[in-house]
Amino acid sequence: MFKAIITELLDMSFEFTEWYAEVVKNDTILNYKGAVSKDDIAELLAKIEIELERKDEDIKVIRKIYNIAVEILQNLFHHSDSLKGEDKKVCAFILKDFEDNKYALITGNYIKKNKLRLLKDRLDQINFLNSEELKVLYKIVLNNQQFSEKGGGGLGMIDVARKSGSKILYNFYEFDNDYYFYTFSVAI
Amino acid sequence: MDPIKIEGTRKTPEVRFDSETGMIEIEGRSIPENSIEFYKPLVDWLDEYSNNPTKKTVVNIKLEYFNTSSSKCILDVFKKLETIFKNEQDVVINWYYEEDDEDMLEAGEDYQSILKIPFKMIEMEE
């Protein structure tokens, strides 16, 4: 479903409003767009719990979605970029129903062009590994003492892949000479 | 040494460290955006405590959720405790997890495999 949306939009110049409208069109449980503050993260997490409890979802599934949502929301908080000349960041966060009784968590945010290759490389590495290998990588990264300048441990996406047990779907849409719009989606 | 008593919030856990009794407890949710800020005083406290620990240190970790940024800080906490254990003092880490929370059990086992310190995995009934 999400893949189809990506393909459809691939050849067009990127328009956030259109992309967002397409993604939230069907099966959306919760959606948010705008800058993501610490308080927004707390409120979105609380809403996720409320919505999933209202659907009588299994506690194990709620825990997984909550955990993954924490990581991807904090990725938006730490790593999204605001466009040149804009004060506010434009981010998107969506929880929706997905095929086979699953859920999809989707995010979108702008990043500076110079981050693209390293990010893509990391995503490809994580997608390349099986669950046992992800466990090994997680422990290696956990046990090295380095923190990034923003305090992130470099573990977030490995954890998302481990907990979801599915591959990460991502895309980069060229926005202008300096920025790309990065979309991220994982099924749970 | 003064004990540490911190109330839990929606993003940070309740913390009770007591050098008199040797009880070290962290409970609740640990999902702050900047976990170093939260955990540094705890690691510093343990650093001082490790110079003169009580005969037996009991560590109770009862986490409902923790983010990956906390996971490194929790490892730092455990490494201080490992130092105490390596100095031939009695230390045990009780890692609590809710019934059927396989991810939390696995997280405890990840720590157990990295550290040379006794771990006890304790399943709590809901």
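Letters A, B, ... are given to chains in the order of the sequence lines, protein chains preceding strands, and every chain is numbered from 1.
Between the CD1 atom in B:Ile114 and the CD1 atom in A:Ile140 there is a gap of 10.0 Å [rounded to 0.5 Å]. Rounded to the nearest 0.5 angstrom, B:Ser113 OG and A:Lys135 NZ are separated by 7.0 Å.
Looking at A:Leu45, the atoms closer than 4.5 Å to chain B (heavy atoms on both sides) all sit in the side chain, from C-beta outward. Neither the backbone nor the side chain of A:Leu73 comes within contact range of chain B, judged by heavy atoms closer than 4.5 Å. For B:Glu102, the part lying near chain A is the side chain, with the backbone staying farther off; criterion is any non-hydrogen pair under 4.5 Å. For chain A, no part of B:Glu109 is nearby; none of its heavy atoms comes within less than 4.5 Å.
Under the 3.5 Å distance criterion, with hydrogens and angles disregarded, a donor-acceptor pair is assigned to the side chains of A:Gln74 and B:Asn67. Residues B:Asn34 and A:Lys38 bring no donor and acceptor atom of their side chains to less than 3.5 Å of each other.
The 12-atom threshold is not exceeded at NZ of B:Lys120, counting heavy atoms of other residues, nucleotides or ligands nearer than 6.0 Å. Around atom CD of B:Glu48, no more than 12 heavy atoms belonging to other residues, nucleotides or ligands sit under 6.0 Å away. When the shell of 6.0 Å around CD of B:Glu99 is examined, it contains more than 12 heavy atoms from other residues, nucleotides or ligands.
No side-chain heavy atom of B:Asp103 sits under 4.5 Å from any side-chain heavy atom of A:Arg63. Side-chain contact between A:Arg162 and B:Asp110 is present, with at least one heavy-atom pair separated by less than 4.5 Å. Side-chain contact between B:Tyr65 and A:Asn67: present, with at least one pair of heavy atoms (C-beta onward) separated by less than 4.5 Å.
When every heavy atom of A:Asn143 is checked against every heavy atom of B:Lys79, the shortest pair comes out as OD1-NZ, 2.7 Å. Smallest separation of non-hydrogen atoms from A:Leu142 and B:Ser71: CD1-O, 3.5 Å. Pairing each heavy atom of B:Glu33 with each of A:Ile41, the nearest pair is OE2-CD1, 3.4 Å.
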**OP:** Go through the steps to decide whether B:Arg29 and A:Tyr66 satisfy the test side-chain contact (heavy atoms from CB on, under 4.5 Å), and finish with yes or no.
**Re:** CA-CA 11 Å; B:Arg29 296 182 178 198; A:Tyr66 190 97; 2.8 Å; yes
Original post:
Step by step, would you call A:Asp39 with B:Arg10 a salt bridge (charged side-chain N to carboxylate O under 4.0 Å, His left out)?
Top reply: CA-CA 10 Å; A:Asp39 283 341; B:Arg10 57 186 178 172; 3.6 Å; yes
